[in-house]
Amino acid sequence: MPELPEVETVCRGLAPAVVGGRIERIEIRRANLRFPFPEQFEARMQAQTVHSLSRRAKYLIMGLSGGEDLVMHLGMTGRFTIVRDGVPDTPGDYVYATGADPKHDHVVLHLSDGAQIVYNDPRRFGFMVMMAHEARDAHALFRNLGTEPLGNGWSADYIATRARGKTVNLKTLLMDQRIVAGLGNIYVSEALHRAGLSPNRRAASLADRKGRPTERAHRLVPAVREVLHQAIAAGGSTLRDYRHADGSSGAFQEAFAVYDRLDEPCRRTGCAGTVRRVVHSGRATYYCGACQR
DNA sequence: ACTGTACCCTGTAGGC
DNA sequence: TGCCTACAGGGTACAG
C-alpha cells in the first residue's frame, strides 16, 4: 500500500498526536507481524516520551527518550488509526479512521493523554523493530538504502553513476531501494511516464560512455521529484479501500496517468496512445508505448 | 554479481 | 450463491 508519499502522509498525520507525548503502555495482540516483535517490546516502549517521528525510505521512525528508535514498515496493507475517547480521529489524509477491523488491529500504543494509536495490517507484511538511535544508520535495514528522491542526493549525476553499465531495465532499477529509497510500483510507473521514458529501456542508457548523465537522466530526475511532491500534496494514493473505511483517504489515484489504467487513453496532452501493462520482476508496470521511449 | 521466481498472508474481484 | 483463480501499494530467500 504505502510508498514514499503515503508513508510521508502517515508521518505528518501521526506526528501531532504522538510527538511530545508519553507512551503509557504498548498493547501487542499477536506474536509477530512479518517478523517477531522486538525482545522485551512492552518494557522498552513503556514510559518513553516520543521525541520525534520521521521517515526514511518507506520506514517510519519514532525517536524515543531512552535513546532507542522504533522503526516501522507498513508492508502492503499497514495503516494507523488515531482513536480518542473510543472515537476514531482523522488528522491526516492517509491516517484512517477504520475502527471496523479489530481482527487485524495488531498493536495499540496507549498514550498518557488518552489517545490510542492503532496499527492495523491484514496481510502482516509490515514489521516493527527497535534499535539504538546511534546504531540506526549502520543497521542492516538502513545501511544499503539509496538516496532519498526528495533530497539533494537525487541528481542526474547520481543516477547516471548508479545506472552505468547496468543491464536491468529502468523499472527494475527505480524499484531497487539500494538505488533510490522510497519509490514503489505506482510511482515508478508514474515517474517514467512523466519523463517520457520506457520502463523497458536499459538502465545503462542513463549514462554516456564516460558515465556522465544523458539527456534522459536529466528528464528522469525532476519527473520523479514532481510526481512525489504532487502525490504528497494530494495526501498519497488510496487503492482498493476497505468497504467499511469511513476515514479520509488520499486523492492522488485520481491523477494517475498510467497506473492501473490498462487500455485506457494516455493522459499526456496530444498523445493518442493507449496504456499497456507488462510485468517486470513479477510486478505489473503500466506505460504508454506511444510517448514513452 | 546479477536475475528471475517463489514465497510470506489475507482479502477482493471476476469468470464460470 | 459458491468455487476457483489471479492479483494486490512490500521485501527477502533462493536457484540458476
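Only a predicted model underlies this, so the values are computations on that prediction, with no experimental measurement involved. Every chain is numbered from 1 and lettered A, B, ... according to where its sequence line falls, protein lines coming before strand lines.
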* Asked: Roughly, in whole Å, what's the span from NZ in Lys171(A) to C1' in dT3(B)?
  -> 15 Å
* Whom does dG16(C) pair with, Watson-Crick or G-U wobble, provided both distances fall under 3.5 Å? -> dC2(B)
* Earlier contact from the 5' end, DNA chain B, for Lys166(A) and Gly282(A) -> Lys166(A)
* Whole-Å distance separating the OH atom of Tyr187(A) from the P atom of dA8(C) -> 16 Å
* **Any Lys103(A) side-chain nitrogen or oxygen under 4.0 Å from OP1 or OP2 of dG11(B)** => yes
* Among Ile26(A), Ile28(A), Leu33(A), Leu109(A), find the residue that satisfies the side-chain contact (heavy atoms from CB on, under 4.5 Å) test when tested with Tyr119(A). => Leu33(A)
* Is any side-chain nitrogen or oxygen of Arg124(A) closer than 4.0 Å to OP1 or OP2 of dC8(B)? -> no
* dA8(C) phosphate, OP1 or OP2, under 4.0 Å from Arg277(A) side-chain N/O -> yes
* Asked: With both distances kept under 3.5 Å, what pairs with dG9(C), Watson-Crick or G-U wobble?
  -> none
* Asked: Base, sugar-phosphate, or nothing for Thr172(A), non-hydrogen atoms under 4.0 angstrom?
  -> nothing
* To do: Whole angstrom is fine here: how far is it from CZ in Phe125(A) over to P in dT10(B)?
  => 9 Å
* Below 4.0 angstrom from OP1 or OP2 of dG10(C), is there any side-chain N or O of Thr77(A)? -> no
* Taking the same atom, P, in dC9(B) and in dC14(C), what whole-Å distance lies between them? -> 15 Å
* **Nearest-angstrom distance from the residue atom CZ of Arg79(A) to P of dA8(C)** => 18 Å
* Asked: If you check the Arg34(A) side chain, which of dT3(B), dT12(C), dG11(B) turns out closest?
  -> dT12(C)
* Asked: Between dC7(B) and dT5(C), how far is it from one P atom to the other, in whole Å?
  -> 15 Å
* Can you tell me the distance, in whole Å, between the NE2 atom of His73(A) and the C1' atom of dC8(B)? => 14 Å
* Asked: Side-chain N or O of Arg283(A) less than 4.0 angstrom from OP1 or OP2 on dG10(C)?
  -> yes
* To do: By nearest nucleotide on DNA chain C, pick out whichever of Gln177(A) and Arg123(A) is the more 5' one.
  => Arg123(A)
* Rounded to whole angstrom, note down the C1' distance from dT12(C) over to dG11(B). => 22 Å
* Is the closest basic N to carboxylate O distance between Arg194(A) and Glu190(A) below 4.0 Å? -> no
* Taking atom P in both dT5(B) and dA6(C), what distance in whole Å separates the two? -> 16 Å
* Where does the angle between the aromatic ring planes of Phe252(A) and Phe256(A) fall among parallel (under 30°), tilted (30 to 60°) and perpendicular (over 60°)? -> perpendicular
* Taking CG from Asp105(A) and P from dT10(B), how many angstroms apart are they, rounded to a whole number? -> 15 Å
* To do: Kindly say if His104(A) contacts the phosphate of dT10(B), meaning a side-chain N or O under 4.0 Å from OP1 or OP2.
  => no
* **Sidechain N-carboxylate O distance under 4.0 Å for Arg29(A), Glu27(A)** => yes
* Which word best sums up how the rings of Phe142(A) and Tyr59(A) line up, parallel for under 30°, tilted for 30 to 60°, or perpendicular for over 60°? -> tilted
* Asked: Whole-Å distance between dC9(B) P and Phe35(A) CZ?
  -> 12 Å
* **Rounded interatomic separation in angstrom, taking CE from Met76(A) and P from dC7(C)** => 13 Å
* I would like to know whether Lys171(A) and Asn200(A) meet side-chain hydrogen bond (donor to acceptor under 3.5 Å, both in side chains); could you show each step before the answer? => CA-CA 7 Å; Lys171(A) 169 73 181 324; Asn200(A) 305 313; over 6 Å; no
